[in-house]
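For reference, the structure is listed below as structure tokens.
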Amino acid sequence: MSATVSFPVPSPHGPRTVTVSYARVGSGEPLLLLHGIGHHRQAWDPVVDVLATEREVIAVDLPGFGASPGLPEGLPYDLPTTTAVFRAFCEALELERPHVAGNSLGGLIALELGREELVRSVTALSPAGFWSAAERHYAFAILMAMRQISRRLPLPLVERAARTAVGRVALTSTIYARPTRRSPDAVVAETLALANATGFDDTLRSGTEVRFTDDIPGLPVTVAWGSSDRLLVPRQGVRAKGVIPKARLVRLPRCGHVPMNDDPALVARVILDGSR
């Protein structure tokens, strides 16, 4: 079921109250799910039911995305702040070192939570932060174009396009290798989520200099990459393995940047295996 929680987060000017929207379902060891930039927690819907058979799943809207309001004044949209937000979020929900899985930006955050020893395992699906300068520039240009298109398209046009296979391909083929598998309602909802994400611009700006360069010793880490990822190219997974030598590197055949919809059974199995 959907819920919200508010909690204080430290800032240089004193604590600030952050509110986060999330959905919680299932039973077992807790598993936190973090989506990518411009998306929302519903990106995980294709795998949640399977995960919830073995885990207590907590799917979160990042601050400034989905149903979560933006960060209050005084808190920047950078990685240290986001890490502090999820440290406080876990404390507020009494989640003691949950497993975490993240996609894209969420994968980067998941790795940072692992580096800070705040979680018991990390599964990162096409995580940000392992790019070259040229690859980052390319990815950011694509993301900014997607954002502009989502904000310019009238809702009736999006709804009409989403009802056709050709329209779903046009709207989502950048992130899905099999865009026709996405339901029309889901395509409309995520197009609106991208258009209305109040945290998008600041989050993208804060990522300009971000690189993940630290090992995560003593923690189970899985890095999985879609073989058809058009946003963060698969060779970045090899770099991730170089940074985190003991990580399990998994190839996701015929999956795009957001693989949960392309092959739900495979992605759910990768996450469950990585969170034993």
Side-chain angles (χ1 to χ4, degrees), residues 23 31 33-55 57 59-60 62 65-66 100-108 110 122-128 130-131 135 138-139 142-143 145-146 149-150 158 161-194 222-238 240 248-275:
L31 169 65
L33 300 179
L34 306 176
H35 63 76
I37 187 170
H39 227 147
H40 54 176
R41 67 173 183 262
Q42 287 82 359
W44 296 98
D45 282 355
V47 299
V48 162
D49 287 346
V50 175
L51 296 176
T53 62
E54 299 186 37
R55 302 284 182 273
V57 178
V60 180
L62 302 183
F65 298 93
V100 62
N103 174 225
S104 194
L105 169 63
L108 172 63
V122 175
T123 302
L125 310 176
S126 296
F130 297 100
W131 42 44
E135 290 164 351
Y138 162 79
I142 296 295
L143 287 167
M146 292 173 62
I149 291 169
S150 72
V158 174
R163 287 195 291 268
T164 69
V166 171
R168 293 196 293 280
V169 169
L171 289 169
T172 66
S173 62
T174 304
I175 59 173
Y176 300 124
R178 309 178 196 184
T180 56
R181 291 189 174 185
R182 200 69 171 142
S183 75
D185 288 345
V187 169
V188 172
E190 61 194 18
T191 302
L192 291 175
L194 177 57
T222 299
V223 175
W225 227 284
S227 64
S228 300
D229 193 331
R230 298 180 180 179
L231 191 65
L232 299 180
V233 292
R235 62 176 170 265
Q236 294 175 34
V238 179
R248 181 177 65 128
L249 180 60
V250 179
R251 179 177 177 270
L252 305 174
R254 297 184 64 201
C255 287
H257 183 63
V258 182
M260 297 84 80
N261 191 74
D262 288 327
D263 195 336
L266 174 60
V267 171
R269 177 48 51 199
V270 168
I271 293 172
L272 290 172
D273 287 348
S275 59

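Just so it is clear, the model here is predicted, and its values are computed rather than measured.
Counting all heavy atoms, side chain and backbone alike, V188 lies closest to A162 at CG2-CB, 3.7 Å. Counting all heavy atoms, side chain and backbone alike, L31 lies closest to I271 at CD2-CG2, 3.8 Å. For F65 against G38, the heavy-atom pair with the smallest separation is CE2-N, 3.2 Å. Of all heavy-atom pairs spanning G102 and A110, the tightest one is N-CB, 4.1 Å.
Judged by distance alone, the side chain of N103 and the main-chain N or O of L125 form a donor-acceptor pair under 3.5 Å. No donor-acceptor distance shorter than 3.5 angstrom exists from the side chain of R254 to the backbone of D263, with no hydrogens or angles considered.
Proximity of W225 to C255: side-chain heavy atoms (C-beta onward) are nowhere separated by under 4.5 Å. Taking the side chain as every heavy atom from C-beta outward, F130 and V238 never approach each other to under 4.5 Å. Looking only at side-chain heavy atoms (C-beta outward), H35 and L62 come within less than 4.5 Å of each other.
Residue L252 holds its CG atom at 9.5 Å from CG of D229, rounded to the nearest 0.5 Å. How far OG1 of T174 is from CD1 of I149: 7.5 Å, rounded to the nearest 0.5 Å. Taking CG of L33 as the reference point, atom OG1 of T123 lies at 9.5 Å (rounded to 0.5 Å).
Evaluation of the side chain to side chain donor-acceptor pair (under 3.5 Å) rule for R251 yields no partner, not counting sequence neighbours. In this structure, the side-chain contact (heavy atoms from CB on, under 4.5 Å) partners of V169, at least two apart in sequence or on a different chain, are S173, P179, T180. Under the rule for a side-chain contact (heavy atoms from CB on, under 4.5 Å), A145 has no partner lying at least two apart in sequence or in another chain. Listed by chain and residue number, A177 satisfy the side-chain contact (heavy atoms from CB on, under 4.5 Å) test with S228 (two or more places apart in sequence, or in another chain). Residues forming a salt bridge (charged side-chain N to carboxylate O under 4.0 Å, His left out) with R178 (at least two apart in sequence, or on another chain): none. Contacts of A23 classified as side-chain contact (heavy atoms from CB on, under 4.5 Å), with partners at least two apart in sequence or in another chain: R41. Annotation: salt bridge (charged side-chain N to carboxylate O under 4.0 Å, His left out) contacts of D273 (sequence neighbours excluded): R269, R276. Annotation: side chain to side chain donor-acceptor pair (under 3.5 Å) contacts of S104 (sequence neighbours excluded): H257. Among residues two or more places apart in sequence or in another chain, the side chain to side chain donor-acceptor pair (under 3.5 Å) test is passed with N261 by R182. Applying the salt bridge (charged side-chain N to carboxylate O under 4.0 Å, His left out) rule to R55 yields no partners; only residues at least two apart in sequence or on another chain are considered.
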Check residues 230-237 and write down every donor-acceptor pair under 3.5 Å in which the side-chain atom is one partner and the other belongs to a residue at least two apart or another chain.
unit_1	atom_1	unit_2	atom_2	d
R235	NE	E135	OE2	2.6
R235	NH2	E135	OE2	3.1
Q236	NE2	E135	OE1	3.4

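Listed by first and then second residue, the side-chain hydrogen bond (donor to acceptor under 3.5 Å, both in side chains) pairs that reach into residues 42-51 are H40-Q42, sequence neighbours excluded.
The side chain to side chain contact (heavy atoms under 4.5 Å, CB included) test with M146 singles out one residue from T191, L171, T172, I175, and that residue is I175.
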